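Here is the structure we will look at, set down as structure tokens.
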Amino acid sequence: MKNLNCYIHIPFCTSKCKYCRFASFSGLSQLKVNNYVDFLCKEINEFSYLKPITLDTIYFGGGTPSTLNLKQFEKIFFTLKQKFTFSEKIEINIESTPEMINLENLNGWEKLGVNRISIGIQSLNPKTLEEIARSEKGDILKCFETLKIFFKKPKHISLSIDFIIGLPFVKKGGVKKDIKYLLEKYDFVTHISVYMLEEYYDVPEEIDSKFENIVYPNSWRANSIDEADYSEEYLQIKNFLKEKGFERYEISNFSKSGFECKHNKGYWNHKENLAFGLGSHGFFENIRFSKSESFLDYYSKKNISKEKIGKEEKFLEKIMFGLRTSGIEKKYLKNLNFEKINYFCENGYLQYKDDKLALTDKSVLFLDYILKEIF
Ligand code: SF4
């Protein structure tokens, strides 16, 4: 018996957000979606392994998985259940946009065994939402009122919401204000992810580094908060969330006790995960694999990239995942650059915490730079 996590990619969205770089497509016919679901089920069915497999998590990511109708979900669940055993405490997550949240979907997903929903909110600013081509503010508020009705009776479903720092037209303190508004009105949110438009943040002058590939319109840059304020924004949110009982357990992820995302924690702990669907990434038997983001390739099983993860790569990832989360255990530090580590510790960019080497509030957004320096 082998215990694994499982990622399933659903590459459909109702429309394409302007900042999106995920494998997602909008405006496809139901016939094409049905064909995709059929092929996905075939792919799951064709998977074979010498031992029986128990799934600890199933993560439907996208795209917007909630664009699938209940029949399509039932088909995928039926296939998964035929093929694998579901562990008693399995976490089953569906990503959704606010406009796909309705009681029919929520009740249907609950019946299928879904116990975690993550909704991309990103902002409550109407001008921002219009500019990035996301759901309207009215849709978001309607979504929360629907959730309020749904959560009136105790549920085995938990809720995560996502925000982004650095979007156009969001003023200083804007993201915190939005989170505060929702948390004070709705007490059923148990997990919050806060991401950044990566291209927008920069490092302080004393740690000079360059970030390239800025692909967003210049008008966004002109109408968003100054890069130098990113850390402050992030820290204000972190401190506010701490007051509200949300602990940071990874750079971008905050949760109430017991509501951390099991699936994502698996990635950071080198847990093996199967991956099905176009553009999906997995890790199995020390091989990282990813499937092509083209339908043609996916349907003809072409361009699946595979990379063997040897001891050295695993070590590098261990250091990176350690810094992203609670820190690196001392036993893994011996091959790193101690001169640099000491420099960062003396200048408040690294710290020893609970016997682990960890980032500090000052460096939490500059992980890539720190990593480059300490290897
Ligand atoms: S909903 Fe998500 S996956 Fe779909 S277009 Fe927007 S950002 Fe991309």
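None of the values given here were measured: they were computed from a predicted structure. Atoms within each ligand, like the ligands themselves, are counted from 1 in listed order.
Contact between R134 and ligand 1 is present, with at least one heavy atom of the residue lying under 4.0 Å from the ligand. Taking a 4.0 Å cut-off on heavy atoms, G120 fails to register as neighbouring ligand 1. Within the structure, ligand 1 has S15 among the residues with a heavy atom less than 4.0 angstrom away.
For K111 and F77, the positive end is not near the middle of the six-membered ring at less than 6.0 Å and at most 45° from its axis. Under the 6.0 Å distance and 45° angle rule, K362 counts as a cation-pi partner of Y349.
Donor-acceptor pairing under 3.5 Å is recorded for the side chains of Y298 and E43.
Counting heavy atoms from C-beta outward, F151 and Y186 have side chains that stay 4.5 Å or more apart. Taking 4.5 Å as the limit, some side-chain heavy atom of F86 sits within range of a side-chain heavy atom of L80.
The atoms of ligand 1 that sit less than 4.0 Å from any heavy atom of T64 are 1 (S), 4 (Fe). In summary, the atoms of ligand 1 found under 4.0 Å from a heavy atom of G63, numbered by their order in the structure, are 3 (S). Within the listing of ligand 1, atoms 3 (S), 5 (S), 7 (S), 8 (Fe) sit less than 4.0 angstrom from a heavy atom of C20.
Among the backbone and side-chain atoms of C17, none of the N, O or S atoms lies under 2.8 Å from atom 8 (Fe) of ligand 1.
In terms of protein heavy atoms, atom 4 (Fe) of ligand 1 is closest to C13 SG, 2.2 Å.
Panel note: side chain S294, backbone D297; a donor-acceptor pair is recorded below 3.5 Å.
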